[in-house]
Amino acid sequence: MFEQRRGLVLSHIPLGEEYRELTVGAEGMAAARPGQFAGLKVGKALDPLLRRPLSIYHQDRGTGALHFLYRVVGQGTRLLSGLKEGDEVDFIAPLGRGFSLEGLSPNTRALLVAGGVGAAPLYFLAARLREKQVPLTFFLGGRRAADLAFRGRIAAALGEDLVIATEDGSLGRQGLVTGPLQEFLDEGPGREACRLFACGPAPMLREVARLASVGGAIPLQVSLEARMACGFGACLGCVCPASGGDAPYRRVCTEGPVFFAGEVEL
Amino acid sequence: MFEQRRGLVLSHIPLGEEYRELTVGAEGMAAARPGQFAGLKVGKALDPLLRRPLSIYHQDRGTGALHFLYRVVGQGTRLLSGLKEGDEVDFIAPLGRGFSLEGLSPNTRALLVAGGVGAAPLYFLAARLREKQVPLTFFLGGRRAADLAFRGRIAAALGEDLVIATEDGSLGRQGLVTGPLQEFLDEGPGREACRLFACGPAPMLREVARLASVGGAIPLQVSLEARMACGFGACLGCVCPASGGDAPYRRVCTEGPVFFAGEVEL
Amino acid sequence: MTGKIPRPDMTVKIGSLTLENPVLTAAGCFGFGREFAEFLDLNSLGAIVVKGTTLRPRGGNPPPRLGEVPAGLLNAIGLQNPGVDRVMAEELPRLKGLKPPIIVNVAGETPEEYVETARRLALSPPAAALEVNISCPNVARGGMAFGTCPLQVETLVRAVRQVFPRTLIVKLTPNVTDIRETARAAAAGGADALSLINTLTGMAIDIEGQVPLLANVTGGLSGPALRPVAVRMVWQVAETVDIPIIGMGGIASAKDALEFLLAGASAVAIGTAGLVDPSVFGRVQAGLEAYLVHRGIPRLEEICGLARRNWKRNMPAKQVRENG
Amino acid sequence: MTGKIPRPDMTVKIGSLTLENPVLTAAGCFGFGREFAEFLDLNSLGAIVVKGTTLRPRGGNPPPRLGEVPAGLLNAIGLQNPGVDRVMAEELPRLKGLKPPIIVNVAGETPEEYVETARRLALSPPAAALEVNISCPNVARGGMAFGTCPLQVETLVRAVRQVFPRTLIVKLTPNVTDIRETARAAAAGGADALSLINTLTGMAIDIEGQVPLLANVTGGLSGPALRPVAVRMVWQVAETVDIPIIGMGGIASAKDALEFLLAGASAVAIGTAGLVDPSVFGRVQAGLEAYLVHRGIPRLEEICGLARRNWKRNMPAKQVRENG
Ligand SMILES: Cc1cc2nc3c(=O)[nH]c(=O)nc-3n(C[C@H](O)[C@H](O)[C@H](O)COP(=O)(O)OP(=O)(O)OC[C@H]3O[C@@H](n4cnc5c(N)ncnc54)[C@H](O)[C@@H]3O)c2cc1C
Ligand SMILES: Cc1cc2nc3c(=O)[nH]c(=O)nc-3n(C[C@H](O)[C@H](O)[C@H](O)COP(=O)(O)OP(=O)(O)OC[C@H]3O[C@@H](n4cnc5c(N)ncnc54)[C@H](O)[C@@H]3O)c2cc1C
Ligand SMILES: Cc1cc2nc3c(=O)[nH]c(=O)nc-3n(C[C@H](O)[C@H](O)[C@H](O)COP(=O)(O)O)c2cc1C
Ligand SMILES: Cc1cc2nc3c(=O)[nH]c(=O)nc-3n(C[C@H](O)[C@H](O)[C@H](O)COP(=O)(O)O)c2cc1C
Ligand code: FES
Ligand code: FES
């Protein structure tokens, strides 16, 4: 399953002010599934202490090298951003339960809804769906164009299947990303064929869940975030409230980070 | 006096496995005196917490740039060794009381005794003495040749005035560095003209002090080390036992690191 | 005559258990071993201390349960566990075949719950020992109350002692004025060994939300930040009681483990550092062995408490008294 | 209508003192201000708390006095100071012209020493306030004993109160089971304000020398490692007493200071972080101001204790009780 190892930084590319694409060598590592993540140790000292969880954004077929797309938000990601080609990173991967691709076929349509850097796991998913020839539309939202400075690779790969919305209208449609999604659902090819996948801030996930449930429920998988200590299920620190089931809580790191909408309270 | 500032790393040169010469920009900084030191912040996180004290090894006349010669021994110096040209370092300098040059003239002879990287402050002193045309002999000791991997610059500058001894005989004379010193004192130009300056491990300092005191006392200044929290006199953490005087202890960081042999217990 | 240097004897005794090596897992930081089996051979451990177990199942505290603090972790898991019956039915049998003894960490809200949990575990042979956690700071009733009052500690330990015939370890809280008093009480109640320390109660504020960071408000501080307090308490207790001590609190390297052993611990446990870096168990074991080999010390036991023996020898007589 | 945003009102009241801003120096980490004058304008500080002062001069503990630990510092200075008479004759007059009030930290080995020291300082107008340190863990007699027993705390504070008419601050030790008890005792004894916390007792072992790292064996743990414990104690005490709290323990940034203020402190003090980075005082002040400006909060006072008010408002009624 997962393993701990040291990999070399193969490349580290700034994308705008705040984003980076980091590629780390992982020869012979098990193939990751979209939605899985890695726990990266940042720095060599005891502060910061914890690994930082980052979704797998892409995995190279031949070499197994892992790509991450991340935003510099605090101490840990700032330290991470100092890594240079050839430096070593200690990471654990692949962690967590990824997206379920069950029931997806060329006859279904996948709707991927990403808020900001929530695009990372969904881009990996999109790549797999393309291989399986599942038609898809990728909705990508942010506050301003600068929040989507990483979009180059995604835009290049997805072409017309990418729909962008920004709150200030500086890129793509103006407004929340759930606007174009709603239109698509209202006007699109019929809800029955649709499968929803979402990753982003909690309010966005709640709105996507609402849209998924009103008028003929659409299966929705969401990728959640939580503060993590271990990332592999041992500490019970990362739980989110369960909806239904025996246990009141579920571990985001192992039972998630991808959940079906009905499994957790959003 | 001293100040806190950020300087750019101008160069950082490995000297053998364990040593580095680090040069940091310090435009317009007050001229440092030999024996003074700087407190360098290592890393940007809270661990390690404390600055690392390093003696000033050299200061460029025009630019004020500070040179340090250090040995990688633990977490802090390991982190320091990761600094690259153009990186920023936060440091406080110049700190402490340096060597007193009072009474030194072309008619006196300075004997500088260094154990390992204790050579750093003494090399700075040697440079000043040369300017003042004070004749000098520099005794440099270490366990093995590899412990003196930094000697190139010192050897080039001092030529015949440098006497090297290693315990295993792999470089220079075999034995402790105090051996050649003793011979020099026994055979040399007469103790009256001699002034001793020493920096190195405690047993070496004690032996130098013994040699300085038997048969016509020679004024001896020693540069001490102590664990420091502030480096500028506020915490009273770095004290060493005083010999004589009112107070039982003296602060190494402000009353030292250079003391006359009679001021402290060695 | 090129004699091989014999490997040092790493065994330690805790109650009636003999451990192959002194490196244990800390309760609550190793689950029931499942997850760590991905990273390491569970048979390489000195003993496996499993998650805090209570009489009834507990759902634990609401999230957020974790906060990162300088060189440390705040947690308020709230003793989430499936309850002793399911632990005995599902978890312990899975661990039965392993070489290292299994030590079950036990908690409760009332003395009766502790006793009943211990009574049931006495019937489960894989539970080679109990570690009675009278120190969990996250449970509003229970936990703290027992752990800070020496009289209650003694009474509780005596009651558990009566129903559990195998090795009984008592885990103490550091949130007390004088840990020697609770240590004495636990020993008087019949503990075979002491574990110290549990977490210090701490908290953090979310300055954006302007509320406590943890839903539970306070949490337990673990990790390297805790270590100086833990080493001090091991030092103090080692002089106070005659039973072995399992030292823990911020161990992340062999050097850290050595501090505890030299201060008087017979064994060590690793919690938070293992969550962050599962390779720490192997590194610490190897580092301890290398330390002994390097110094020609044949048995690990010889270094336990050595710092105190050296200190007493070196000090002028009048200075040999406890400071602070 | 391009109105300038007015600068927020940063003043705080501690006893009869009004401080221009809430950032103080922590005792023993600022000497008598001489050294820091090289780095900053002493007039920019909210108040200056000077080195622990005793009745008679004290040489302090033998070295080594310092140890570095993860995100923290261990110290065993041992209250080295020139004694109250020389402090009054030489140090305080030098500080007289400054704008920030001077707060003299006072320690002793017996209650009589505290009282006599305070009586003398009452005659020295530059000593605007006393901070009675009943919590120094490094002095074998004295220190700890007073600080951990509520009855002794109350008696001692009352006695000092009788001889010192100006602002009286009492500094509490965290090395207790329940800091609310000593806080209540200090308030009952007549304290105008509380400082918390002092250092946690810790220790480290030199694994090469196989002896305690500090000559004094134990030392006080300060710095960021301590912060979660300090914030927790401020939170607990703020609900317990009505007098202002000066919060300290590991503050190294405006964010850290905000945690203390939101938890219930009225002001903050910075110790260890200032030793490492003298620019911290200015950074914290600027950061606090920016935080208020950014949120349109006109007065610093409004955020003191805000985290508790928000928490109480957000919680379902049954959950509003102290945890842990
Ligand atoms: C399963 C998972 C996958 C993720 N994938 C990505 C990704 O692909 N790209 C990306 O940019 N970010 C991703 N994140 C978020 C990323 O982990 C955090 O941004 C990062 O840990 C922040 O670290 P920091 O030290 O820079 O910030 P900090 O200073 O620690 O915190 C800054 C902010 O980030 C939040 N944060 C800190 N740690 C975590 C954490 N473990 N989980 C969630 N939020 C946290 C804090 O609450 C705070 O609001 C993911 C998180 C999870 C749980
Ligand atoms: C005034 C002064 C001048 C110095 N000049 C130089 C110099 O020019 N070149 C050089 O290589 N070294 C010099 N040193 C020693 C240098 O400060 C230490 O080697 C360094 O701080 C070790 O840091 P570390 O984190 O790598 O090692 P650590 O892991 O912290 O410790 C490794 C070893 O170094 C010792 N040490 C740690 N901190 C200090 C300290 N502040 N003072 C003394 N010993 C310490 C420890 O006790 C331990 O034995 C000087 C020390 C002082 C006090
Ligand atoms: C996430 C987590 C859960 C814990 N759960 C328990 C527990 O159930 N029972 C217990 O006695 N201690 C528990 N502890 C405390 C640890 O066993 C240990 O005493 C403490 O964390 C100090 O060691 P460390 O710094 O190595 O983690 C827990 C600690 C953490 C971090
Ligand atoms: C070197 C040093 C000396 C100290 N001396 C005193 C003292 O004399 N009196 C006192 O009440 N506290 C003293 N303290 C404790 C500090 O005032 C403060 O309470 C503690 O260090 C926590 O704050 P910090 O983490 O910001 O340092 C000292 C702390 C240090 C590090
Ligand atoms: S982070 Fe440890 S269980 Fe999820
Ligand atoms: S290091 Fe603080 S006084 Fe010398």
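First the proteins, then the strands, lettered A, B, ... as listed; each starts at 1.
- Within the 4.5 Å cutoff, the side chain of Leu236(B) has heavy atoms near those of the Lys51(D) side chain.
- Proximity to chain B at a heavy-atom threshold of 4.5 Å picks out Thr272(D), Gly274(D), Leu275(D), Val276(D), Asp277(D), Pro278(D), Ser279(D) from residues 267-287 of chain D, in numerical order.
- Proximity of Arg227(B) to Leu213(D): side-chain heavy atoms (C-beta onward) are separated by under 4.5 Å at one or more points.
- Interface remark: Glu3(B) contributes backbone atoms only to the contact with chain D (heavy atom separation under 4.5 Å).
- Contact annotation for Pro248(B): only side-chain heavy atoms (C-beta onward) come within less than 4.5 Å of a heavy atom of chain D.
- Side-chain atoms of Pro62(D) and Pro241(B), non-hydrogen and from C-beta on, never get closer than 4.5 Å to each other.
- Ring orientation note: the planes of Phe2(B) and Phe39(D) are tilted relative to one another, at an angle of 30° to 60°.
- Side-chain contact between Pro224(D) and Leu49(B) is present, with heavy atoms from C-beta onward closer than 4.5 Å.
- In the displayed structure, Arg94(D) atom CZ is contacted under 6.0 Å by more than 12 heavy atoms of other residues, nucleotides or ligands.
- In this structure, the separation between CD on Gln80(D) and CZ on Arg251(B) is 8.0 Å, given to the nearest 0.5 Å.
- A distance of 7.0 Å separates SG in Cys230(B) from CZ in Phe36(D), rounded to the nearest 0.5 Å.
- Looking at every heavy atom in both residues, Pro63(D) comes nearest to Tyr249(B) through CD-CE2, 3.6 Å.
- With a 4.5 Å cut-off on non-hydrogen atoms, Ala229(B) touches chain D through its backbone and its side chain both.
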